[in-house]
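Just so you know, these numbers use all the heavy atoms, side chains as well, and skip hydrogens, waters and symmetry mates. Note that ligands are numbered from 1 as they come in the structure, with each ligand's atoms numbered from 1 the same way.
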Amino acid sequence: MKCPICKHGEMVNGVASITLERAGSTVMFKCVPAGICNNCGEAFYNAETTKSLLEQADQVAKRGVEVDIRRYATA
Ligand SMILES: [Zn+2]
């Protein structure tokens with residue numbers, strides 16, 4: 001699959017870090033499975049991963065934690 005951002009790179013499977021902000025909480029996930037462009041380095045997450053990230057970030061926000069850094073865990 002070609003990268004939709006730079007249109008030159010190929011997407012390769014890897015892991016990336018992503019930071020989400022939800023209702024005043026900042027949650028950083030490490031080791032998130034992603035497709036990563038070998039040209040520009042942009043990371044893309046599939047729908048399932050994105051949903052899981054948002055759910056986990058919401059849970060952190062509900063606990064009122066301001067900053068949370070965690071390793072991504074598959075549901
Ligand atoms: Zn790219």
Side-chain angles (χ1 to χ4, degrees):
M1 182 182 138
K2 287 270 187 234
C3 172
I5 303 294
C6 67
K7 312 265 196 280
H8 293 290
E10 287 288 335
M11 309 303 291
V12 293
N13 289 328
V15 292
S17 296
I18 183 171
T19 303
L20 295 176
E21 289 186 25
R22 307 290 286 175
S25 294
T26 301
V27 190
M28 181 180 182
F29 295 93
K30 292 179 170 181
C31 303
V32 183
I36 299 167
C37 174
N38 64 6
N39 182 52
C40 69
E42 187 72 26
F44 297 88
Y45 307 95
N46 67 27
E48 198 179 315
T49 302
T50 304
K51 184 166 170 277
S52 177
L53 287 170
L54 290 173
E55 282 173 358
Q56 291 182 57
D58 275 341
Q59 283 168 18
V60 171
K62 272 184 198 142
R63 293 207 311 270
V65 179
E66 281 192 37
V67 179
D68 193 340
I69 301 173
R70 53 175 58 201
R71 207 171 251 269
Y72 178 76
T74 45

Do you know which two heavy atoms are closest between Gly35 and Met11, and how far apart they sit? O-CE, 3.5 Å
With heavy-atom distances below 4.5 Å as the criterion, would you say the side chains of Leu54 and Arg22 are in contact? yes
Compare all side-chain heavy atoms of Thr49 with those of Tyr72 and state whether any distance is below 4.5 angstrom. yes
If you apply the rule side-chain contact (heavy atoms from CB on, under 4.5 Å), what do you find for Cys3 with His8, and how did you get there? CA-CA 6 Å; Cys3 172; His8 293 290; over 6 Å; no
Can you establish whether the number of heavy atoms outside Glu48 located under 6.0 Å from its atom CD is more than 12? no
Within-2.8 Å protein N/O/S contacts of the Zn ion (ligand 1): Cys3 SG, Cys6 SG, Cys37 SG, Cys40 SG
Measure the spacing between OG1 of Thr50 and CZ of Phe44 and express it to the nearest 0.5 Å. 11.5 Å
